[in-house]
Novice: 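First the structure, which I've put down as structure tokens, then a few questions once you've had a look.
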Protein chains: 2
Amino acid sequence: MTSPLYAQVKEHILEHIRSGAWTPGTRVPSENELVESFSISRMTANRALRELTADGFLSRVPGVGTFVKEPPARSSLLELRNIAEEIAARGHKHAAYIDRRETIEAPQALADEFELRQASKLFHLVMVHTENGVPVQLEDRYVNPFVAPKFNDQDFADITPTAYLVAAVPVDELEHTVEAIMPTVEQRELLDIGEHEPCLALHRRSWSKGHVVTVATLIYPASRYALYSRYKTSPSGTLSQ
Amino acid sequence: MTSPLYAQVKEHILEHIRSGAWTPGTRVPSENELVESFSISRMTANRALRELTADGFLSRVPGVGTFVKEPPARSSLLELRNIAEEIAARGHKHAAYIDRRETIEAPQALADEFELRQASKLFHLVMVHTENGVPVQLEDRYVNPFVAPKFNDQDFADITPTAYLVAAVPVDELEHTVEAIMPTVEQRELLDIGEHEPCLALHRRSWSKGHVVTVATLIYPASRYALYSRYKTSPSGTLSQ
DNA sequence: AAGTGGTCTAGACCACCAG
DNA sequence: TGGTGGTCTAGACCACTTT
């Protein structure tokens, strides 16, 4: 039941990065040093370092060495990723608190967004997510109680709302809108930012079997977060125009 | 001047996928078959298939084989879209003018973004795109002259820089970063917006055959533009792992 | 000259799946 | 039982950078 050797080496290096022992710029052991200390072959050491490099944790310079990379504070765009895991992947500490939690009667505009023909009740949750104690995301979320009836029973201490919903409801379809905004006074206070700092607002709707599951607005202070994506072009080749 | 063997094998497989010869679900040659047909060792064949799997093009099932994967659902937010066609699709009139055009010696930070080991020359272009006469996008672009040597011969009257590059250079990989910014005075004047209006900054890099083609920053006034995407989640439960 | 990463080989053992 | 992928080894040659 032991994991592969190259995975153990990767984990060993990630531990040192996560713990802060190896900060960005630090030189990590060379392939030959790993061969000695782990009693493995060079190909195995090479695979561990090569994969960590592909994943963006390390950078390598032929003839010089392998170094810890600066972890960018950015979130993957368009995937349903868990901010807690994203922060953990950077070796930082995630925490969150609930600012507001209620069940409301949906006003017309919200009922439209949920594609509900008649007004109904919705769960409403406002949370602040912090990275090493600094607020990085304000989550303002409405949830359809017919699709996720147990959403309001969660305390979200160990699991984020996104993670809960992904696990509880299969998502068929996603809609994202990204815009730059000047936050309101309330938003500014919750995020603890200055008066003229713009924010990124990511508006997300998700569907499951034709029903809107949740409508969420995720607000990121511009100085603390950017949205990121990188991918290989699909070989079918059709880059639109 | 020859590329590594594992890269040649990857390219060989991608060609078949791109051409449509191998459709999703098709079984690709096994490691042993590649060993024979390419006269390589199994480790080299393994690396090619493993990396294509990590990049999302193939899926592997131990004891069974390796198969072409369904292309992932991508959002238009992440595609290379041509702002001229986007505006035309809304029935509006697109126009653009060149604010600046030059060839510069790349400073270190830019050389790093282009993954150039030593400083070199770069094309630099600043354009303003308007929709019905209103500025909607400020395009600030650097281009690698080794990859697109004729970029500077274009006048971009009938074709946007994005459209030219897509046609001239096959794009393998894309990176996007989105952030909210407060524009500089110069940017504000070019976009003709008020003093406290935030903007969306879309930072894009594209690669072709391992070389960075272009680094572009596209700035959109918050009041005039939002980025949007909607897509179906690809049928999950595929043979991941 | 010594050390680094980049690649490659020709074997090997294993767990798994199919006929 | 034979083919598949998953992993690993102990060598090797190369281009490169640092000392």
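Chain letters run A, B, ... following the sequence lines, proteins first and then strands; every chain starts at 1.
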Novice: Give a yes/no answer on whether the side chain of Arg42(A) brings an N or O atom under 4.0 Å of OP1 or OP2 in dA10(D).
Specialist: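 Answer is no, no contact under 4.0 Å.
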
Novice: At less than 4.0 Å, is any side-chain N or O atom of Thr44(B) found next to OP1 or OP2 of dT9(C)? Yes or no.
Specialist: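 Affirmative; the distance criterion is met.
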
Novice: Step through it carefully: locate the ring centre of Phe151(A), locate the ring centre of Phe156(A), and say whether they are under 6.0 Å apart.
Specialist: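 For Phe151(A) and Phe156(A), the ring centres are under 6.0 Å apart.
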
Novice: Ser39(A) or Glu31(B): which one's nearest nucleotide on DNA chain D is closer to the 5' end?
Specialist: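 The residue whose closest nucleotide sits nearer the 5' end is Glu31(B).
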
Novice: Kindly point out which of dG5(C), dC17(C), dC8(D) is positioned nearest to the side chain of Val64(B)?
Specialist: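 Side chain of Val64(B) sits closest to dC17(C).
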
Novice: Looking across every strand, which nucleic acid part, if any, lies under 4.0 Å from Ser59(A) by heavy atom: base, sugar-phosphate, or nothing?
Specialist: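 Result for Ser59(A) = nothing.
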
Novice: From the set dT4(D), dT4(C), dG6(D), return the single nucleotide nearest to any side-chain atom of Glu33(B).
Specialist: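 Nearest nucleotide to the side chain: dT4(D).
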
Novice: Could you tell me whether Arg47(B) contacts a base, only the sugar-phosphate backbone, or nothing, with contacts defined as non-hydrogen atoms closer than 4.0 Å?
Specialist: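 Sugar-phosphate, backbone atoms only, no base.
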
Novice: Quick one: Ile40(B) CD1 to dG6(C) P, roughly how many Å, whole number?
Specialist: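 It is 20 Å, rounded to the nearest whole Å.
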
Novice: What is the separation between atom CZ on Arg60(B) and atom C1' on dT7(D), rounded to the nearest whole Å?
Specialist: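 Atom-to-atom, Arg60(B) to dT7(D), this comes out as 12 Å.
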
Novice: Taking only the side-chain heavy atoms of Tyr6(B) (C-beta and beyond), determine which of dG6(D), dC8(C), dG5(C) contains the nearest atom.
Specialist: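 Among the listed nucleotides, the one closest to the side chain of Tyr6(B) is dC8(C).
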
Novice: Counting only heavy atoms not in Glu15(B), do more than 12 sit closer than 6.0 Å to its CD atom?
Specialist: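 Counting neighbours around CD of Glu15(B), more than 12 heavy atoms of other residues, nucleotides or ligands fall under 6.0 Å, so yes.
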
Novice: Check whether any side-chain N or O of Ser30(A) sits under 4.0 Å from OP1 or OP2 of dG3(C), and answer yes or no.
Specialist: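 Checking dG3(C) against Ser30(A), no side-chain N or O comes under 4.0 Å of OP1 or OP2.
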
Novice: Roughly how many Å is it from CG in Asn46(A) to P in dT4(C), rounded to a whole number?
Specialist: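 Distance check: Asn46(A) CG to dT4(C) P gives 14 Å.
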
Novice: Take His94(A) and Glu131(A), measure what side chain to side chain donor-acceptor pair (under 3.5 Å) needs, and give me the verdict at the end.
Specialist: CA-CA 5 Å; His94(A) 167 263; Glu131(A) 177 166 357; over 6 Å; no

Novice: Measure the distance from CD on Glu36(A) to C1' on dA10(D) and round it to the nearest whole Å.
Specialist: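 In whole Å, dA10(D) C1' lies 14 Å from Glu36(A) CD.
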
Novice: Separation of Leu34(A) atom CG from dA10(D) atom C1', in whole Å?
Specialist: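 Checked: the CG to C1' distance equals 17 Å.
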
Novice: Within the 4.0 Å heavy-atom criterion, would you say Leu49(B) contacts the bases, only the backbone, or no part of the nucleic acid?
Specialist: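 If one applies the 4.0 Å heavy-atom cut-off, Leu49(B) turns out to touch nothing in the nucleic acid.
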
Novice: I'd like to know if Arg50(A) pairs up with Glu51(B) as an ion pair, taking the criterion as any Lys NZ or Arg NE/NH1/NH2 lying under 4.0 Å from an Asp or Glu carboxylate oxygen.
Specialist: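 Looking at Glu51(B) together with Arg50(A), the answer is yes, because their closest N to O distance falls below 4.0 Å.
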
Novice: Can a side chain N or O of Thr66(B) be found less than 4.0 Å away from OP1 or OP2 on dT4(D)?
Specialist: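 Result: no.
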
Novice: Taking the side chain of Pro4(A) as heavy atoms from C-beta outward, which of dG5(D), dC8(D), dT4(C) is closest to it?
Specialist: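 Selected nucleotide (nearest to the side chain): dC8(D).
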
Novice: State whether the number of non-hydrogen atoms from other residues, nucleotides or ligands found under 6.0 Å of His211(B) atom NE2 is greater than 12.
Specialist: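 Open: at most 12 neighbouring heavy atoms sit under 6.0 Å from NE2 of His211(B).
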
Novice: Looking at the side chain of Ser41(A), which of dG6(D), dT4(D), dA10(D) is the nearest nucleotide?
Specialist: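 Of all the options, the side chain of Ser41(A) is nearest to dA10(D).
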
Novice: Can you see if the side chain of Asn32(A) gets near the phosphate of dT4(C) - specifically, an N or O under 4.0 Å from OP1 or OP2?
Specialist: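 For dT4(C), OP1/OP2 do have a side-chain N/O of Asn32(A) under 4.0 Å.
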
